[in-house]
A.B. asks: 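Pasting a structure below so you can have a look.
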Amino acid sequence: MDVHDLAARLQKAVAERAAIEQLSTDVPELDLATAYAVQRVLRDQAGPLAGWKLGVTSRAKQAQVGVSSPVFGFLPATAALDLGEPLDTSTCIQPRCEPEIVFVMGRDLAGAHVTATDVLAATAGVAVGIEVLDSRYRDYRFTMADVVADNTSAGRFLVGTPVPPTGIDLRLVGVVLEKNGEVVATASGAASLGHPASAVAWMVRTMAADGDGLRAGQVVFSGGLTAAVPVGPGDVVVASIDRLGTVELGCV
Amino acid sequence: MTVIDAPAMARALYDARRTRVPIAPFTDADPTLGMAEGYAVQQELIKLLLADGDEIIGRKVGLTSKPMQKLIGVDSPDHGPVLASTVYNDGDEIPLSRFIAPKVEAEIVFVMKDRLQGPGVTVTQAHAAIAGAVAGMEIVDSRIADWRIKLADTVADLASNGALAMSSRIVPLEGLDTRLIGMTLTRNGELIDTGAGAAALGDPIAVVAWLANVLGENGVALEPGHVVMTGALHAAVPMNPGDVFRAEFDRLGPITIRVGA
């Protein structure tokens with residue numbers, strides 16, 4: 001099993017905008033460590049890094065997939081959507097949107113013992129964000145190792161205007177996701193691992209094993225707070241988080 | 001409207017409430033029963049309960065979320081009375097023996113400041129008539145066996161209301177966006193679910209306007225001091241003896257109940 005070959009299959013799916021069969025069907029022995037190695041190959045070829053993202057952060061999703069910890073992936077700078085910029089769905093395979101709390105790092109943060117408190121202390125701002133997931137696997141069918149290899153389904157991402165985290169209990173902030181003017185899901189910040197900063201701290205501790213860490217200025221998507229909603233041309237998705245604000249994403 | 005024996009159906013529910021032995025769904029015997037028949041039975045049941053000395057202190061609104069409406073196959077909420085005998089305070093122990101198949105739902109409760117009567121009540125008018133918001137938990141219960149309810153069944157059965165627990169803290173609405181009030185529900189310290197106000201009809205205040213307009217069709221008003229339970233912000237959770245449920249609402253504070261035997 002060659003991680004470069006597996007990465008190439010995923011890159012081909014992106015280039016052709018055509019979903020592929022999950023890797024584990026062909027490579028049943030694919031484990032998490034190998035999957036992260038595949039992801040590392042993708043990262044090394046993705047250009048400048050904008051930040052990181054968490055996945056499988058809700059207990060419901062963990063139970064559904066049969067795991068007890070989240071996963072993480074990277075966000076290439078080229079995947080950023082700017083405020084007001086529409087999502088061109090013709091560049092995607094099967095886009096789905098979910099609201100997230102985004103951390104904008106004020107300083108570097110690394111280490112095997114980082115806690116939520118350290119994360120908050122190193123955070124310059126928190127913002128409402130929309131992550132556009134775009135699994136390279138047909139119908140989003142995958143194992144944990146599959147989704148890690150596929151950079152945790154990362155597609156595009158939109159970050160709202162950050163506000164200082166001081167005095168905000170991110171556990172309790174209300175989260176509302178609307179599609180075409182209708183409320184499709186609600187949550188509070190606790191939906192991500194009990195506290196979004198805990199999710200980020202878990203990631204920093206996990207990255208430390210490879211000598212990685214967060215850099216000042218990077219963004220971290222701290223985990224989907226609701227189920228992701230599929231989007232197509234003409235759809236408008238609005239994510240609102242109390243005390244953080246609102247972002248709107250139009251799709252063409 | 002189908003011709004029904006509403007007093008007899010109400011009596012069956014009344015007996016089920018007292019004996020805690022559930023009854024078969026009315027819609028098993030007559031699948032054509034709908035909302036109108038449900039409210040006719042509810043009216044009769046309320047008469048029986050008030051004759052026992054109970055008192056209506058407000059209203060509950062149910063089926064306020066899209067998923068619940070889809071489940072029951074309707075496109076509007078339903079409502080029932082809140083009875084004084086079913087109200088608990090923050091921290092109270094709630095005995096399971098009082099219910100048949102109870103579940104917990106965290107929701108935002110409003111306390112009315114002014115009288116509000118439809119038709120024609122706007123969300124803005126509803127907002128102006130509300131004294132403030134309170135952290136609440138509803139115990140839903142069904143006198144219909146195994147929660148096998150259709151719309152007529154649940155409406156007749158007081159919209160499946162069992163009890164209400166409320167915090168004592170009334171938070172004024174000024175500066176509050178009720179759509180965005182976040183909520184976390186824990187059971188014995190473990191996070192069960194989260195939600196936000198918008199889960200109830202897009203905005204809990206819209207629930208009050210809807211209710212005032214529906215009650216207004218029958219000349220009934222929301223009175224000052226009445227509470228309005230605006231509907232669950234998450235999927236209902238079954239209760240077991242010894243459980244401690246805590247719902248914490250951003251800006252409103254917490255409400256805790258302990259489940260007794």
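Because only heavy atoms are used, hydrogens play no part in the values below, and waters and symmetry mates are left out as well, while side chains stay in.
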A.B. asks: Counting heavy-atom pairs closer than 4.5 Å to chain A, which one of Gly182(B), Gly195(B), Ser65(B), Pro67(B) comes out on top?
C.D. replies: Gly195(B)
A.B. asks: Applying the side-chain contact (heavy atoms from CB on, under 4.5 Å) test to Leu172(A), which of Asp250(B), Ile181(B), Thr194(B) qualifies?
C.D. replies: Asp250(B)
A.B. asks: Let me confirm one number: the CG-OG1 distance from Leu180(B) to Thr246(A), rounded to the nearest 0.5 Å.
C.D. replies: 6.5 Å
A.B. asks: Who are the side-chain contact (heavy atoms from CB on, under 4.5 Å) partners of Glu248(A), not counting sequence neighbours?
C.D. replies: Val236(A), Val238(A)
A.B. asks: Give me the atom names and distance for the closest heavy-atom approach of Gly202(B) to Val183(A).
C.D. replies: CA-CG2, 3.9 Å
A.B. asks: Take a 6.0 Å sphere around NZ of Lys113(B) and say whether it holds more than 12 heavy atoms from other residues, nucleotides or ligands.
C.D. replies: yes
A.B. asks: Tell me, for Leu201(B) versus chain A, whether the close heavy atoms (under 4.5 Å) come from the side chain, the backbone, both or neither.
C.D. replies: neither
A.B. asks: So which heavy atom on Ala190(A) is nearest to which on Thr184(B), and how close?
C.D. replies: CB-CG2, 3.4 Å
A.B. asks: Looking at Ala187(A) and Ala196(B), what are the two nearest heavy atoms and their distance?
C.D. replies: O-CB, 3.6 Å
A.B. asks: Looking at every heavy atom in both Leu191(B) and Gly194(A), which two are closest together, and how far apart are they?
C.D. replies: CD2-CA, 4.1 Å
A.B. asks: Find the one option among Val175(A), Asp169(A), Thr186(A) whose heavy-atom pairs under 4.5 Å with chain B are most numerous.
C.D. replies: Thr186(A)
A.B. asks: Got a second to check how far Glu248(B)'s CD is from Ser188(A)'s OG, nearest 0.5 Å?
C.D. replies: 9.0 Å
A.B. asks: Taking all non-hydrogen atoms of both residues into account, name the closest pair between Val176(A) and Ala198(B) and its distance.
C.D. replies: CG2-CB, 3.6 Å
A.B. asks: Could you work out, with side-chain contact (heavy atoms from CB on, under 4.5 Å) as the rule, every residue matching Thr143(A), not counting sequence neighbours?
C.D. replies: Gln22(A), Ser24(A), Ala145(A), Asp146(A)
